[in-house]
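One structure is given here, and the rest of the page talks about it.
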2 protein chains.
Amino acid sequence: MAGLTAPLLGLEKKSLREQALSALRTAITSGELEPGRHLVETELSEMLQISRGTLREALRQLEQEGLLSAGPRGRLSVRHLDEKEIRDIYAVRAALESLAARTLCELPDRQHVTESLHQAIDAMTAATGGSLEERIESDLEFHRTLCRLTGNETLLHSWESLEGSIRMSIMFAGLEKGVSNMSVDRHKDIVAAIDTGDATLARKTILEHMDTAAANLVA
Amino acid sequence: MAGLTAPLLGLEKKSLREQALSALRTAITSGELEPGRHLVETELSEMLQISRGTLREALRQLEQEGLLSAGPRGRLSVRHLDEKEIRDIYAVRAALESLAARTLCELPDRQHVTESLHQAIDAMTAATGGSLEERIESDLEFHRTLCRLTGNETLLHSWESLEGSIRMSIMFAGLEKGVSNMSVDRHKDIVAAIDTGDATLARKTILEHMDTAAANLVA
DNA sequence: CATAAGTCGACTGTTTACAGTCGGTAGTGG
DNA sequence: CCACTACCGACTGTAAACAGTCGACTTATG
């Protein structure tokens with residue numbers, strides 16, 4: 001019965017749990033599941049066509065990612081962000097990405113780094129004319145790449161754990177405000193700063209970027 | 001009638017999942033479950049006297065905390081840390097805690113901060129003569145307090161997500177090396193730096209602390 | 001009419017049972 | 001002695017059922 005939900009794609013290696021995870025993440029960060037909404041396990045499991053056990057594993061992960069908050073009696077609801085929390089999230093994000101920028105400057109092989117980042121910039125440029133979602137996606141991909149290129153798995157993992165909260169922040173503030181942070185030129189500045197190899201400059205550039213980004217969101 | 005079975009102190013009644021989580025965390029960070037060890041669900045569920053479903057929820061969380069690594073076919077094993085990973089973990093930790101230090105300096109009510117930190121210092125001092133585990137515990141509690149006092153829930157959450165990896169790093173390097181980082185004086189320096197309100201100084205002090213800590217671990 | 005006790009319903013926490021898949025191993029043939 | 005095949009066992013992924021608890025609603029009672 002559940003075999004016909006989404007099978008005919010050549011790559012069916014994702015577990016149902018991961019599928020549910022993606023589906024829920026999308027539903028939450030797109031606003032389909034509005035903030036504050038109480039989640040009922042039986043309801044969701046039926047909606048997603050998976051068992052409660054499998055669903056609960058996904059919910060634990062979302063809870064830890066900060067997309068869900070637990071109320072009394074273990075009841076989960078979609079997390080609600082206020083302006084302070086958005087600032088807090090961006091403060092942590094800034095700390096992580098400034099570490100990334102510094103690390104990249106001290107890397108021996110900066111050639112590959114530069115190439116990958118320019119590639120990410122190109123993707124952002126290509127998405128300029130696209131939908132808001134596409135632009136957000138390419139922006140996040142740029143910053144994720146920033147963390148990935150450091151080769152610090154822990155850093156990447158921490159950033160990805162924060163990614164859901166970042167998406168919620170953008171969604172919460174309104175996508176229009178969100179995309180205002182996604183100027184391609186701004187990101188070129190970041191790459192340029194890293195290219196110089198000046199860790200202090202790179203860190204400063206990232207921090208300013210994050211600062212204005214957060215300011216735009218809560219404005 | 002059954003409502004008054006466990007009216008203990010502030011201790012909330014913990015779900016089986018949380019109990020299992022604590023038990024597994026302890027088992028891993030204590031080395032009882034040696035790194036690289038394959039975890040068998042049926043084995044663990046019987047050992048912990050809980051069902052596999054409940055166990056799996058706990059395992060997902062531990063996986064996301066970085067204590068477990070997933071192999072092919074979803075097989076979990078206790079994560080193995082090499083020196084680079086320890087350095088990486090401490091780099092992220094340093095980024096988070098330096099943010100904490102800076103934030104604390106900019107806080108309006110630093111009176112309460114100072115009191116709480118001195119209290120944590122006292123706890124460390126009291127633990128000086130205790131076991132290695134106790135000293136590690138009080139050290140981590142100090143740093144956790146550092147993050148908690150910022151009022152930035154996201155920062156605290158990120159730090160706590162890293163805590164398991166930190167514990168593994170210490171365990172991995174050997175507890176003796178680990179406790180060498182736990183000089184009470186060093187921590188007093190941190191508090192003193194925060195007391196001055198000089199964000200730059202506080203950040204610098206923390207970064208140095210983390211730097212030497214990481215260096216000691218991989219030495 | 002207001003309040004307190006009792007009942008109903010819904011939800012989560014937990015357990016048990018089933019299906020699919022992969023790796024290893026024994027057994028057979030060259 | 002080696003290779004190949006077919007079976008066996010272990011483990012994960014998944015589903016369905018059971019139990020306990022809390023809140024809301026109803027009813028009885030002063």
Side-chain angles (χ1 to χ4, degrees), chain A residues 1-25 27-28 33-34 36-64 67-79, chain B residues 1-8 11-25 27-28 33-34 36-64 67-79:
Chain A
M1 51 183 291
L4 297 178
T5 49
L8 298 177
L9 290 177
L11 300 172
E12 198 183 346
K13 61 181 178 182
K14 290 184 89 177
S15 66
L16 287 187
R17 187 188 69 250
E18 293 175 60
Q19 293 177 29
L21 211 69
S22 301
L24 287 173
R25 248 193 292 251
I28 293 173
L33 260 47
E34 68 275 21
R37 161 114 168 219
H38 282 291
L39 298 181
V40 181
E41 293 182 358
T42 54
E43 201 175 294
L44 286 179
S45 67
E46 184 164 347
M47 197 175 299
L48 297 170
Q49 293 289 316
I50 60 174
S51 72
R52 273 185 61 220
T54 305
L55 173 70
R56 283 171 65 89
E57 291 183 43
L59 291 179
R60 292 292 153 239
Q61 194 157 343
L62 290 172
E63 184 184 356
Q64 192 152 353
L67 270 66
L68 304 178
S69 62
R73 188 74 189 79
R75 304 188 63 145
L76 295 176
S77 54
V78 179
R79 186 177 170 196
Chain B
M1 42 192 285
L4 297 179
T5 50
L8 301 173
L11 298 175
E12 308 166 6
K13 54 178 179 180
K14 291 174 37 172
S15 65
L16 288 185
R17 175 175 53 84
E18 292 173 5
Q19 293 177 29
L21 229 121
S22 302
L24 287 173
R25 248 194 292 250
I28 293 173
L33 261 48
E34 68 274 22
R37 160 112 168 221
H38 282 290
L39 299 182
V40 181
E41 293 183 358
T42 54
E43 199 174 297
L44 286 179
S45 66
E46 185 164 345
M47 197 177 299
L48 296 170
Q49 294 289 320
I50 60 174
S51 71
R52 274 187 53 231
T54 305
L55 172 70
R56 282 170 67 91
E57 290 184 43
L59 291 179
R60 290 300 152 221
Q61 197 156 342
L62 290 172
E63 184 183 357
Q64 191 151 357
L67 270 66
L68 304 178
S69 62
R73 232 174 55 242
R75 300 185 69 136
L76 295 176
S77 55
V78 179
R79 186 177 169 196

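The sequence lines fix the lettering, A, B, ..., with proteins before strands; numbering per chain opens at 1. A quick note: this is a predicted structure, and the numbers were derived from the prediction, not measured. No hydrogens, no waters, no symmetry mates; every other heavy atom, side chains included, goes into these values.
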Answer with base, sugar-phosphate or nothing: what part of the nucleic acid does Arg17(B) contact at a heavy-atom distance below 4.0 Å?
sugar-phosphate
Rounded to the nearest angstrom, tell me the gap between atom CZ in Arg73(A) and atom P in dA10(C).
15 Å
Please give, in whole Å, the distance from dT12(D) C1' to Leu59(B) CG?
11 Å
What is the distance from CD1 of Ile50(A) to C1' of dG13(D), rounded to the nearest Å?
12 Å
Nucleotide of dT14(C), dA15(D), dT21(D) approaching Leu16(B) most closely (side-chain heavy atoms)
dT14(C)
Tell me the interatomic distance from Glu57(A), atom CD, to dT14(D), atom P, rounded to whole angstroms.
8 Å
Atom-pair distance (CZ on Arg56(A); P on dT12(C)), nearest Å:
8 Å
Would you mind telling me which of dC18(C), dT12(C), dT14(C) lies closest to the side-chain atoms of Arg75(A)?
dT12(C)
Residues Arg60(B) and Glu57(B) bridged, charged N to O under 4.0 Å:
no
For the side chain of Arg60(B), counting heavy atoms from C-beta on, which of dG13(D), dT14(C), dC11(D) is nearest?
dG13(D)
Go through dT16(C), dC11(C), dA15(D) for me and flag the one nearest to the Ser51(B) side chain.
dT16(C)
With rounding to the nearest 0.5 Å, note down the distance linking CG in Leu55(B) to CG in Leu39(B).
8.5 Å
Reckon Gly74(A) touches a base, only the sugar-phosphate, or nothing at all at heavy-atom distances under 4.0 Å?
sugar-phosphate
Heavy-atom side-chain proximity of Val78(B) to Glu34(B) below 4.5 angstrom:
no
What is the separation between atom CZ on Arg37(B) and atom P on dC11(D), rounded to the nearest whole Å?
12 Å
Quickly, which of Leu33(B), Leu24(B), Leu76(B) forms a side-chain contact (heavy atoms from CB on, under 4.5 Å) with Leu68(B)? Name it, please.
Leu76(B)
Quick one: do Arg17(A) and Glu63(B) make a salt bridge, cutoff under 4.0 Å?
no
Nucleotide dA17(D), atom C1' - distance to CD of Glu41(A) in whole Å
15 Å
Atom CZ of Arg52(A) and atom C1' of dA16(D): how far apart are they, to the nearest Å?
10 Å
Base, sugar-phosphate or nothing for Leu39(A)? Non-hydrogen atoms, less than 4.0 Å.
sugar-phosphate
